[in-house]
Amino acid sequence: MDETLKFIFLTLILLCVLFADFIISPESLPPKAKEFLQENFNAQIGIVQVDKNNYEVYLSDGTELEFDMDGSWREIESKFNPLNFNILPPILADIVKNSYPNATMLELKKKINYYKIQLNNGLKIIIDFNGTILHQEFDD
């Protein structure tokens with residue numbers, strides 16, 4: 001019985017280590033992610049976590065970003081400052097700015113063939129890569 005408990009305990013520890021997030025230095029981010037951060041954000045990098053699938057970056061201004069392992073961004077969320085429309089491809093940025101001229105972006109998610117955008121007025125937009133607004137609704 002004692003050996004069985006040891007085996008279960010060691011297995012649990014191994015699983016926790018395999019699926020845990022590790023804090024790494026900002027210099028360990030992929031070059032593509034570092035370049036993106038330098039071009040689009042003025043805030044300092046606070047914490048960088050890595051797991052087996054992605055990097056999570058927390059900036060000093062409350063912005064949270066998620067990157068793929070190659071450094072491509074997947075999600076950006078800002079709690080206090082509006083996101084720069086330049087993060088989007090120019091044609092999509094123009095469509096969103098012209099369709100919602102008084103709104104700013106607070107959250108941006110890049111999916112396989114569309115973007116999900118949360119505006120400061122509570123509107124969620126789904127827009128494909130060609131600029132077609134597929135869906136829009138007000139957040140509850």
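Worth saying up front: this structure is predicted, and the values here are computed from it rather than measured.
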Apply side-chain contact (heavy atoms from CB on, under 4.5 Å) to residues I45 and Y58 and explain how you reach the verdict. CA-CA 6 Å; I45 296 174; Y58 300 89; over 6 Å; no
Which residue, N54, V57, I76, V50, forms the side-chain contact (heavy atoms from CB on, under 4.5 Å) with F67? V57
How far does CD1 of I133 sit from NE2 of H135, to the nearest 0.5 angstrom? 11.5 Å
Test of understanding: with side chain to side chain donor-acceptor pair (under 3.5 Å), list the residues that count as partners of N40, not counting sequence neighbours. none
Identify every side-chain donor-acceptor pair in residues 28-36 under 3.5 Å, counting partners at least two apart or on other chains, and give the distances.
{"unit_1": "S28", "atom_1": "OG", "unit_2": "S25", "atom_2": "OG", "d": "3.2"}
{"unit_1": "K32", "atom_1": "NZ", "unit_2": "S72", "atom_2": "OG", "d": "2.9"}
{"unit_1": "K34", "atom_1": "NZ", "unit_2": "E27", "atom_2": "O", "d": "3.1"}

Distance, nearest 0.5 Å, that separates CD1 of I127 from CG of L92: 5.0 Å
Kindly determine whether I23 and V48 satisfy side-chain contact (heavy atoms from CB on, under 4.5 Å), including the steps that lead there. CA-CA 6 Å; I23 295 176; V48 178; over 6 Å; no
Is a donor on one side and an acceptor on the other found under 3.5 Å between the side chain of N130 and the backbone of T132? no
Set of side chain to side chain donor-acceptor pair (under 3.5 Å) partners for N53, sequence neighbours left out: none
Tell me the ring pair (Phe, Tyr, Trp, His ring centres under 6.0 Å) pairs involving residues 82-112, sequence neighbours left out? none
Indicate yes or no: at least one non-hydrogen side-chain atom of L59 is less than 4.5 angstrom from one of F41. yes
Apply side-chain contact (heavy atoms from CB on, under 4.5 Å) to N81 and list each qualifying residue two or more places apart in sequence or on a separate chain. D61, S78
Between Y55 and Q49, is a side-chain contact (heavy atoms from CB on, under 4.5 Å) present by the stated rule, with each step listed? CA-CA 6 Å; Y55 295 93; Q49 292 181 331; over 6 Å; no
Under 4.5 Å between side-chain heavy atoms, counting indirect links through other Ile/Leu/Val/Met/Phe/Trp/Tyr residues: same cluster for F129 and M105 or not? yes
Once salt bridge (charged side-chain N to carboxylate O under 4.0 Å, His left out) is applied, do any residues pair with K109, and if so which ones, sequence neighbours excluded? E107
Got a sec, which pairs hit salt bridge (Lys or Arg N to Asp or Glu O under 4.0 Å) with one end in residues 71-92, sequence neighbours left out? E64-K79, E66-R74, D68-R74, E77-K79
If you link ILVMFWY side chains whenever their heavy atoms are less than 4.5 Å apart, which other residues fall into the same cluster as F80? By chain and number, please. none
Those residues at least two apart in sequence (or on a different chain) that pass side chain to side chain donor-acceptor pair (under 3.5 Å) with Q44 are none
Does L65 belong to the same Ile/Leu/Val/Met/Phe/Trp/Tyr cluster as L106, with side-chain heavy atoms less than 4.5 Å apart forming each link? no
Side-chain donor-acceptor distances from residues 114-126 under 3.5 Å, at least two apart:
{"unit_1": "N120", "atom_1": "OD1", "unit_2": "T104", "atom_2": "N", "d": "2.9"}
{"unit_1": "N120", "atom_1": "ND2", "unit_2": "T104", "atom_2": "OG1", "d": "3.4"}
{"unit_1": "N121", "atom_1": "OD1", "unit_2": "L123", "atom_2": "N", "d": "3.0"}

Around I91, counting heavy atoms of other residues, nucleotides and ligands shown, do more than 12 lie under 6.0 Å from its CD1? no
